[in-house]
Amino acid sequence: MPKVLIATEKPFAAEAAAKIKAELETAKYDYSFLESYQDVKDLHKAVADVDALIIRSDKVNEDVLNAAKNLKIVVRAGAGYDNVDLKAATAHDVVVMNTPGQNSNAVAELTIGLMIYMARGKFNGKSGTELAGKKLVLFGYGHIARLVAKMAQGIGMEVYAYDPYLTNEIMTKNKVKPLSKVKDIFSTGDFVSLHIPANSETKKSINWELLSLLPDNAILVNTARKEVIDEDALLKAFAGKKGFRYVSDVAPDNLAEINKQYADRIFCTPKKMGAQTAEANINAGIAAARQIIAYLEKGDKTFKVN
Ligand code: 3PG
């Protein structure tokens, strides 16, 4: 009977956990949950005899892999897998998968929510501005960005996108205007929303060269990863552009410094909230369980990322 560990420092909603259990019970798999753990040693202990692992933003590195002698597959219930050491996993003969698209709607809704919250001055009682009629530029045009585009168009925004890995067809079909240069992203929009993964190419890539191009009143939205921002450049943007605002799902490391002078122009969720909905947890959790079963039973490697 294969053993699955669901290790989530940030637990799934109870409904999602129940559905994951049901999937695994139907397949006659053994399972255990390690939730809200504080010490990584608890994870090391819990993975000791498992064949499969379901995680969220939990880190899977060489130490975890060394502790998991029977491990065959890790599924990141979500989109970004920057928390998994892919090289080490491959070296340990462990397959890594994600569940693309399963939590996208939740992140897209948060993106729109953050835009409205900041455009309305964080609900401070003064007149803010509306989204309708404004330009929104999406950096990256994957699952989340496409949903954000649709929602923003429903509100009446003019939507642009840049994605170096896609041709223009899908954007044009969705009435999104394609941009051809990275620089255009930052000089075009009233709102710029980041939908890029964190990897060696993108870390700190949102630098001063790009941020300096933003219009003075721009709102930068980051529901991707804090690592893609060059935080010194972010501070510089606050200092140099009197109307610049930043909304982010997870704070930059220099939040305290930014808050000293520009607290009214920044808002960050205290914990990563993008995928924190019951629906997203259910979709991603069920997909993760099913992918594990399909891999262990039939060798199905769809969604393998290493
Ligand atoms: C993702 O990459 O899927 C999101 O950032 C959600 O991450 P979480 O599962 O840690 O909330």
Side-chain angles (χ1 to χ4, degrees), residues 4-17 19-20 33-38 40 43 52-61 64 74-86 89 96-114 138-148 163 165 193-203 206 220-229 247-253 268-292 302-306:
V4 182
L5 173 70
I6 299 97
T8 49
E9 183 271 318
K10 191 173 57 184
F12 286 121
E15 305 97 295
K19 290 197 190 286
I20 295 169
F33 282 76
L34 175 70
E35 295 181 324
S36 311
Y37 57 94
Q38 306 286 317
V40 77
L43 177 61
L53 179 59
I54 296 176
I55 51 161
R56 295 186 62 180
S57 288
D58 308 76
K59 281 202 169 49
V60 173
N61 54 20
V64 175
V74 176
V75 181
R76 193 281 190 241
Y81 43 86
D82 47 303
N83 49 320
V84 182
D85 185 337
L86 297 186
V96 181
M97 295 185 189
N98 65 347
T99 63
Q102 299 294 346
N103 59 17
S104 301
N105 193 67
V107 183
E109 287 188 13
L110 182 76
T111 306
I112 297 288
L114 290 172
L138 304 166
F139 188 175
Y141 195 62
H143 292 279
I144 299 166
R146 288 175 208 190
L147 289 166
V148 172
D163 193 320
Y165 298 101
S193 188
L194 306 176
H195 300 286
I196 53 176
N199 55 39
S200 53
E201 223 176 278
T202 62
K203 280 182 186 166
I206 312 299
L220 179 63
V221 190
N222 184 4
T223 52
R225 291 287 185 271
K226 70 173 180 176
E227 289 83 1
V228 301
I229 298 269
V247 274
S248 178
D249 190 18
V250 171
D253 292 335
C268 303
T269 54
K271 231 180 186 241
K272 194 148 141 244
M273 289 297 295
Q276 280 297 64
T277 66
E279 293 89 339
N281 293 170
I282 289 169
N283 294 340
I286 290 179
R290 288 184 182 166
Q291 287 172 214
I292 285 172
T302 317
F303 305 120
K304 180 174 181 277
V305 294
N306 66 331

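Ligands are counted one by one from 1 in listed order, and the atoms in each one are counted from 1 as well. Computed over heavy atoms, backbone and side chain alike; hydrogens, waters and symmetry mates excluded.
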Using a 4.5 Å cut-off on heavy atoms from C-beta on, say whether the side chain of V84 contacts that of I55.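 The answer is yes, as the side chains (C-beta and beyond) meet within the 4.5 Å cut-off.
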
Taking L194's backbone N and O only, do any of them form a donor-acceptor pair with N222's side chain (distance below 3.5 Å, no angle check)?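 No, because the side chain of N222 does not come within donor-acceptor range (under 3.5 Å) of the backbone of L194.
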
With A284, which residues qualify under side-chain contact (heavy atoms from CB on, under 4.5 Å), at least two apart?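 A284 satisfies side-chain contact (heavy atoms from CB on, under 4.5 Å) with A77, T99, Q102 once adjacent residues are dropped.
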
Strictly under 4.0 angstrom, heavy-atom based: which residues surround ligand 1?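 Under the 4.0 Å cut-off, ligand 1 touches K10, R56, S57, R76, G78, A79, G80, N103, R225, K272, A275.
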
Whether the E109 and N105 side chains hold a donor-acceptor pair (N or O, under 3.5 Å, no angle test) is what I'd like checked.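 Yes.
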
How many angstroms lie between CZ in R56 and CD in E35, if you round to the nearest 0.5 Å?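 It is 10.0 Å, given to the nearest 0.5 Å.
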
Could you give the distance from CG (N98) to CG (N306), rounded to the nearest 0.5 Å?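 CG of N306 is found 10.5 Å from CG of N98.
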
